[in-house]
Student: 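Just dropping this structure here.
Labels below follow one simple rule: chain letters A, B, ... track the order of the sequence lines, proteins then strands, and each chain is numbered from 1. Any value given below was found using the heavy atoms of this structure, including those in side chains, with hydrogens, waters and symmetry copies removed. The structure presented is a predicted model; accordingly, all values stated were derived computationally and were not measured.
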Amino acid sequence: MNTATTPVRTIKARRSVFENIRRNLKTAPLTAWFGMIVILLYAICAIFAPLLAPYGESEIVGKAYQLSSAENWLGTDQIGRDTLSRLIFGARNTIGIALITTLLSFLIGGSLGVLAALKRGLLDQGISRVVDAFLAIPVLIFALMMLAVVGKSLINLIIILALLDATRVFRLSRAVALNSVVMDYVESAKLRGEGMGWIVFKEIVPNILPPLITEFGLRFCFVFLTISALSFLGVGIQPPTADWGSMVAESKSLISFGRPAPLYPAAAIALLTVAVNFVVDWFLHKTSGLRDGH
Amino acid sequence: MHPVLRTVLQRLGLGIVTLLAVSVIIFSSLEMLPGGYAENVLGQSATPETVAAFKRDLGLDRPATVRYFEWIGNALQGDFGSSYSGLSGSMKRDVSATIAPRLYNTFFLAAMAALIAVPLSLLLGAMAALYRNSWFDRIVNSVTLTTIAMPEFFIAYILVYVFAVKLKLFYPNSTVSIGTPFVEHLYRAALPAITMTLVIIAHMMRMTRAAIINLLASPYIEMAQLKGVSKSDVIRQHALPNAWAPIATVIAFNLAYLVVGVVVVEVVFVYPGIGQLMVDAVSSRDMPVVQACALIFAATYILLNLLADVVSIVTNPRLLHPK
């Protein structure tokens, strides 16, 4: 290899990851900023819930169905618990459960997808056909049916949704991994005699990560909305756990009396999914090189 | 054989296979439970005799394959067996008789939503595409991105709060019964139908916009414009023949989405449809009702997607004029 003794121009050092993030943030549109700030606020709420909430998660602080007052900013619920405190604890429970479910679904779907792309053959065919059949049933309907079979509990909810969502993740990760598997760098790693683990984690995964991260945001929104819908229908997260979906269901009768009580938890759900969508939209534009107007 | 006919038949065959596979999944969901459904429902304290008696009552003591063929055979003739509730008593509740009126209500609601949403979103989507990057397009884009992300019940309760509670234009609950006159039914189903319209219109508009922009970027459209063909002829003769497939896909995709959205919306408005029935049956673990509802939802979903595929094959100009 030749090295020039006198460089034509000084070569700048490679930008660090931190610098890259800073440069990207500078060009982020307003909607993405809005989304990121909202997500940050939700995260703070979820992590520091016991410090932020004025009362405990299932602490009964007064009479049922109280209007807003200095003690209870958003009033109390059907058995006299503070609505604001339950909203704050709800952030921790609802987001936490959705996050665990999505991570589990990516772990299952992602690893099966990469494995199917790498091994091909009968294994790939077998998993793909089963997944195809599952894709033909809407997730909410299938989740409802499975909850009827196994009975409603938190563990069942997480496992059922993670498995159903994994079929969707499998499709995408298999597709992007297939594109990566046929590349020369994978071929040369094989010829070098690298092991399976090296090929997967050092060659394939770094290359398929950007589309998977975008998908993670979208799948999280979907799982979060599905869990909220199931809880709203009374078969998801069960009381006394504070959760936004069931809070909407518990306070829905109040709306006929002109009180917007079910709107607070519903708005909490809507705001988070809108925020995540804004950030994902920006990320999508960045990674696919698309500009506005396409 | 004409290539169009062959492709359509292939697609139909695949659809039937998918339907069969899905029916097997729905049926076998009951068998997947480790330890068995009867043991799970009765709890650990149940004696083997009670479990056996319970199984016999439900007909679960016979082999699964026999029960599957009996179930699917009867289901094809519109008979879904009898419900688990009230089974031990003298009152045997027929699942099909419970489902039939509710199925009508649900299709009434879905059809109403579709009739409003489909023309409106195609129009808005086409306008957003034709006047791309205008203020209209920008506003529509951010509004739809926002509504897509919202849960159905949030939109529903905002509508209830504004139109039923504050303005008193509609009832907050959409109770209808078999004797409800048609016009009254329309009025009572209006608020849930508007909710579902808002939910799917955003998806549909964005997909229509993307499809039309994609189409207008094709070289043959540019060629037609360069030839000096009038604007309406470009759309009618050059763009439209190729646009049917994406439009059909967009419509079917969103009607399939309606199938899912209807469950939550029916519960919000206490509308006596099949979605509400399924949710109630899930809570009481009444499996024949749950499986019948799941089969109907899944079959509708599959048939709609199949219909979209067939429309896009039949209208595909490349297949219609084989070389």
Student: If the contact rule is any heavy atom under 4.5 Å from chain A, which residues of residues 278-286 of chain B qualify, in numerical order?
Tutor: B/Met278, B/Val279, B/Val282, B/Ser283, B/Arg285
Student: Against chain B, label A/Val235 side chain, backbone, both or neither, depending on which of its atoms sit under 4.5 Å from a heavy atom there.
Tutor: side chain
Student: Give, as side chain, backbone, both or neither, the part of A/Asp281 having an atom under 4.5 angstrom from any heavy atom of chain B.
Tutor: side chain
Student: Would you mind checking which part of A/Phe142 comes under 4.5 Å of any heavy atom in chain B, side chain (CB onward), backbone (N, CA, C, O), both or neither?
Tutor: side chain
Student: Please determine whether the number of non-hydrogen atoms from other residues, nucleotides or ligands lying under 6.0 Å from atom CG of A/Leu30 exceeds 12.
Tutor: no
Student: With a 4.5 angstrom heavy-atom cut-off, is it the side chain or the backbone of B/Tyr157 that approaches chain A, or both, or neither?
Tutor: both
Student: Is it the side chain or the backbone of A/Lys152 that comes within 4.5 Å of chain B heavy atoms, both, or neither?
Tutor: side chain
Student: Picking from A/Cys221, A/Pro262, A/Pro265, A/Ala267, which has the most non-hydrogen pairs under 4.5 angstrom with chain B?
Tutor: A/Ala267
Student: Should A/Leu140 and B/Phe297 count as side-chain neighbours, where that means a heavy-atom distance under 4.5 Å?
Tutor: no
Student: Quick one: of A/Val274, A/Ile141, A/Thr273, who has the most non-hydrogen atom pairs under 4.5 Å with chain B?
Tutor: A/Ile141
Student: Counting only heavy atoms closer than 4.5 Å, note whether A/Met145 contacts chain B via side chain, backbone, both or neither.
Tutor: both
Student: So which atom in B/Tyr301 and which in A/Ala136 form the shortest heavy-atom distance, rounded to 0.1 Å?
Tutor: CD2-O, 3.1 Å
Student: Between B/Ile155 and chain A, with a heavy-atom cut-off of 4.5 Å, which part of the residue counts as in contact: side chain, backbone, both or neither?
Tutor: neither
Student: Give, as side chain, backbone, both or neither, the part of A/Leu135 having an atom under 4.5 angstrom from any heavy atom of chain B.
Tutor: backbone
Student: I'd like to verify something: which residue of A/Leu147, A/Leu271, A/Val276, A/Val248 has the highest number of heavy-atom pairs under 4.5 Å with chain B?
Tutor: A/Val248
Student: So, taking the atom named CD1 in A/Ile137 and the one named CD1 in B/Ile25, what distance separates them when rounded to the nearest 0.5 Å?
Tutor: 4.5 Å
Student: Tell me, out of B/Ala149, B/Ser29, B/Ala294, who's got the most heavy-atom pairs with chain A below 4.5 Å.
Tutor: B/Ala149
Student: Where do B/Val268 and A/Phe232 land on the side chain to side chain contact (heavy atoms under 4.5 Å, CB included) test, with the steps shown first?
Tutor: CA-CA 9 Å; B/Val268 170; A/Phe232 170 73; 3.5 Å; yes
Student: Measure the shortest side-chain to side-chain distance between B/Phe153 and A/Ser228 over non-hydrogen atoms and say whether it is less than 4.5 angstrom.
Tutor: yes
Student: Quick check on B/Phe136: does its CZ atom have over 12 non-hydrogen neighbours (other residues, nucleotides or ligands) under 6.0 Å away?
Tutor: yes
Student: Less than 4.5 Å apart, side chain to side chain, heavy atoms only: is that true for B/Val290 and A/Leu144?
Tutor: no
Student: For atom CZ of B/Phe163, is the number of surrounding heavy atoms from other residues, nucleotides or ligands below 6.0 Å larger than 12?
Tutor: no
Student: Under 4.5 Å, counting heavy-atom pairs only, tell me which of A/Thr31, A/Asn277, A/Val149 racks up the most with chain B.
Tutor: A/Val149
Student: Does the side chain of A/Lys252 reach to within under 4.5 Å of the side chain of B/Val160, using non-hydrogen atoms?
Tutor: no
Student: Given that the side chain runs from C-beta out, which part of B/Thr18 has a heavy atom under 4.5 Å from chain A: side chain, backbone, both or neither?
Tutor: side chain
Student: Which heavy-atom pair separates A/Ala270 from B/Met150 by the least distance, and what is that distance?
Tutor: CB-CG, 3.8 Å
Student: Hey, is CZ on A/Arg171 packed in by over 12 heavy atoms from elsewhere, all under 6.0 Å?
Tutor: no
Student: Heavy atoms only: give me the nearest B/Val22-A/Ala133 pair and the separation to one decimal.
Tutor: CG2-O, 3.7 Å
Student: Measuring heavy-atom distances to chain B, does A/Arg259 have an atom under 4.5 Å in its side chain, in its backbone, in both, or in neither?
Tutor: backbone
Student: Measuring heavy-atom distances to chain B, does A/Leu225 have an atom under 4.5 Å in its side chain, in its backbone, in both, or in neither?
Tutor: side chain
Student: Please determine, among B/Ile26, B/Asn305, B/Val17, B/Ile302, the option with the most heavy-atom pairs under 4.5 Å with chain A.
Tutor: B/Ile26
Student: Are side-chain heavy atoms of A/Ile269 and B/Phe154 found at a separation under 4.5 Å?
Tutor: no
